[in-house]
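Contents: one structure, followed by commentary.
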Amino acid sequence: MLAKAPKGTSDILPSRIDYWYYLENIIKEVLQNYGYQEIRTPAFEYTELFVRGIGATTDIVNKEMFTFQDRKGRSLTLRPEGTAPVVRAYIEHNLKRENPLVKLFYLGSMFRCEKPQAGRYRQFNQFGLEAIGSPLPIIDAEIISASLAIYQKIGLTDLSLMLNSVGCRECRPKYLAVLREYFLDKRDSLCPDCLLRYEKNPLRILDCKKEQCQKIVKKCPSIFDYLCEDCATHFLKLRQYLDTLGIVYQINPLLVRGLDYYTKTAFEIISGELGAQNAVGGGGRYDYLVEELGGNYTPAVGFAAGMERIIETMIKQSIKIPVWEGIKVFVATTDASYFVTALEIVNQIREKGIAAEIDFLGKSLKAQMRLANKLKASYVLILGQEEWQEKKVTIKDMVNSSQEKILITEILAYLQSLFLKKESGKS
Ligand SMILES: [Zn+2]
Ligand SMILES: [Zn+2]
C-alpha cells in the first residue's frame, strides 16, 4: 500500500510530460491571443460554494465531492470544477471594477470521487475559460471559437461541435412541465437515477446514457418548441456569428450537460476517437450563477475541458509534439581525483544554457561512455591523467566518433561554436 498511488489517481511520468508542456503552452498562447488572463484559485473551497453553484441535484454534488471538515468543523470540498471558484473570486475581488467584461482562464487539478473507469480519474486536470459580464451572443461565439482554436492549434482532427439552448428562467420551467407530463406514464421504464431526476430536474433525463432511457428520450418534445423569444433570438444570432466564423456545428436538442447552472447556450466538442465517452470539452452560458453566489445579476459564459482526455486523443491521433532535447554534453573522468575540475567544467557549460551531465556514481570510463550514449549526448568531454597534465580535455563527437584535444579554457567557446554550427545546419 505504501508504494501505491490512491485509487483513481495517476502519476504523470517524465516520459509523458512533454505532452503536458505542449498542451499547457498552447492553452496559454491561444487564450492570451483572445484576451483572456489566467486566474489561479485554491484547490479547496467552502462546500456551500459548490452546493449552491453546481446545484444540489447534480451527480457531482450528490455523489462525487471530496468533502471534509477542518479542525474548526467547517466543511470544505476539493474543487470538483473550476467555474464556481472563478465566479467566487470574481465577486470577492470585485473584478468587474476594472472592466465590465472580465475574461479569465484557469488550468489545474479538479477532484471528483467517481468510479474509476477508462480515462476518468479522481484527481484530473482541467482548463477552462470564462467571460463574465455580457448577455450578448457574440461572446458565446467567441468562447466557442477560442476553445476550438486550442484544439486546432494542438493539431487534433475529427472533432465536431454540438450546440443547444437550454432556455432561461422564463421558458425552461414551461419546458420542464412539458417534459414531466411526457415522462409521467413512462416512469416505470426509466432507470433509478432518472426517476430521481424526474422529481428534481427532468432536463437531466435527456443526457442519461442508459439505453432504456434513451429509447424514451428519443421521442420527447423538443426544447426548441418552447424557447421564449429572447432565448430563440439569442440562439439564432449565435448561429449567425458561428457561420460568419466558418464554424461548423450540429444542433442537438438533447445536449443538456451535467451542471444545473447552464442557461441558453450549451455546447460540447466531440471527438470521433474516444468511443462512448467522446466529449473532449464543453461549456455554455450561466447567466444566474454570479447572482446565485451572492453577486449582482451578471450574465456569463464559459468552457472547460479535461486535459487527460485531450492528451489521450493526441496520442491516438499520433500528434507530433516538441520533445525535450536531452543532455548535450557529458563530462567523463577516468578517476575520482578529477571530480573537482569536472564539476567546474559541467557547471560552466550549464551556465551557458547547454544541458550537461556528469557521472555521480563513480563508474568506470567505459560505463560512463555507455551512459553518455544512452543519454544521447552529442559530445563527451573526457578528463584523464594525460589531459590533466596538459590542462586539456578530449572532446569526442558521439555521432561520427571523431575526437580531438582542446584546452580546458577553450571548452566553452568551442562548444558554443559547435552548437551554433549545428543550429544553422538544421535550418
Ligand atoms: Zn428563455
Ligand atoms: Zn436514465
Side-chain angles (χ1 to χ4, degrees), residues 55-64 114-115 117 120 134-141 143 163-241 251-268 276-279 283-292 297-302:
T57 68
T58 57
D59 284 356
I60 295 180
V61 168
N62 280 324
K63 306 183 207 163
E64 297 168 359
E114 291 187 89
K115 244 189 249 159
Q117 47 174 310
R120 295 242 182 186
S134 171
L136 302 180
I138 189 168
I139 191 73
D140 304 38
I143 287 274
L163 197 61
N164 191 22
S165 175
V166 293
C168 67
R169 272 176 188 159
E170 280 297 308
C171 55
R172 183 152 54 186
K174 288 174 200 154
Y175 180 59
L176 291 184
V178 171
L179 277 185
R180 276 208 183 88
E181 198 171 307
Y182 171 78
F183 287 117
L184 183 65
D185 58 355
K186 303 173 185 68
R187 277 176 301 175
D188 292 347
S189 316
L190 293 173
C191 75
D193 281 341
C194 283
L195 266 182
L196 274 176
R197 291 170 184 148
Y198 178 84
E199 300 299 333
K200 290 178 177 169
N201 183 1
L203 202 61
R204 298 281 330 279
I205 300 175
L206 302 190
D207 76 344
C208 181
K209 302 278 180 282
K210 301 232 169 65
E211 204 181 320
Q212 67 193 94
C213 303
Q214 285 194 342
K215 258 192 215 157
I216 304 170
V217 163
K218 243 188 230 164
K219 290 178 195 140
C220 80
S222 165
I223 189 159
F224 288 105
D225 296 328
Y226 299 91
L227 289 181
C228 68
E229 204 183 319
D230 184 31
C231 287
T233 312
H234 189 96
F235 193 68
L236 197 69
K237 281 191 181 157
L238 171 59
R239 291 181 57 185
Q240 277 172 4
Y241 299 138
I251 294 171
N252 178 2
L254 299 182
L255 173 68
V256 293
R257 317 260 319 129
L259 311 177
D260 276 356
Y261 54 59
Y262 286 113
T263 50
K264 294 191 168 118
T265 311
F267 68 98
E268 263 180 6
Q277 300 285 342
N278 58 4
R285 183 163 272 285
Y286 51 92
D287 287 347
Y288 310 131
L289 185 59
V290 180
E291 203 180 11
E292 187 67 35
Y297 170 74
T298 312
V301 56

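Side-chain atoms are counted along with the backbone in the values below, which use heavy atoms only and exclude waters and symmetry mates. As the structure lists them, so they are numbered: ligands from 1, and atoms in each ligand from 1. Here, residue 1 is the first one in the sequence, and each next residue gets the next number.
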Item to check | Pairs satisfying ring pair (Phe, Tyr, Trp, His ring centres under 6.0 Å), at least one member in residues 177-228, at least two apart | outcome: Tyr175-Tyr226, Phe224-Phe235

Checklist entry - For Asp140, which of Lys264, Lys237, His234 qualifies under side chain to side chain donor-acceptor pair (under 3.5 Å)? => result His234

Next on the checklist: Within rounding of 10°, what is the angle whose vertex is the Zn ion (ligand 2) and whose arms end at SG of Cys208 and SG of Cys213?
Outcome noted: 110°

Next on the checklist: Within less than 2.8 Å, report the number of protein N/O/S atoms around the Zn ion (ligand 1).
Outcome noted: 4

Checklist outcome for this item: Shortest non-hydrogen pair, Ser134 vs Leu136, comes out as OG-N, 3.1 Å

Checklist entry - Taking 4.0 angstrom as the limit, do Asp230 and Arg169 come out as a salt bridge? => result no

Checklist entry - Can you name the nearest heavy-atom pair linking Gln212 to Ser189, along with the distance? => result NE2-O, 3.1 Å

Next on the checklist: Assess whether a salt bridge exists between Arg197 and Asp59, defined as any Lys/Arg side-chain N lying under 4.0 Å from an Asp/Glu carboxylate O.
Outcome noted: yes

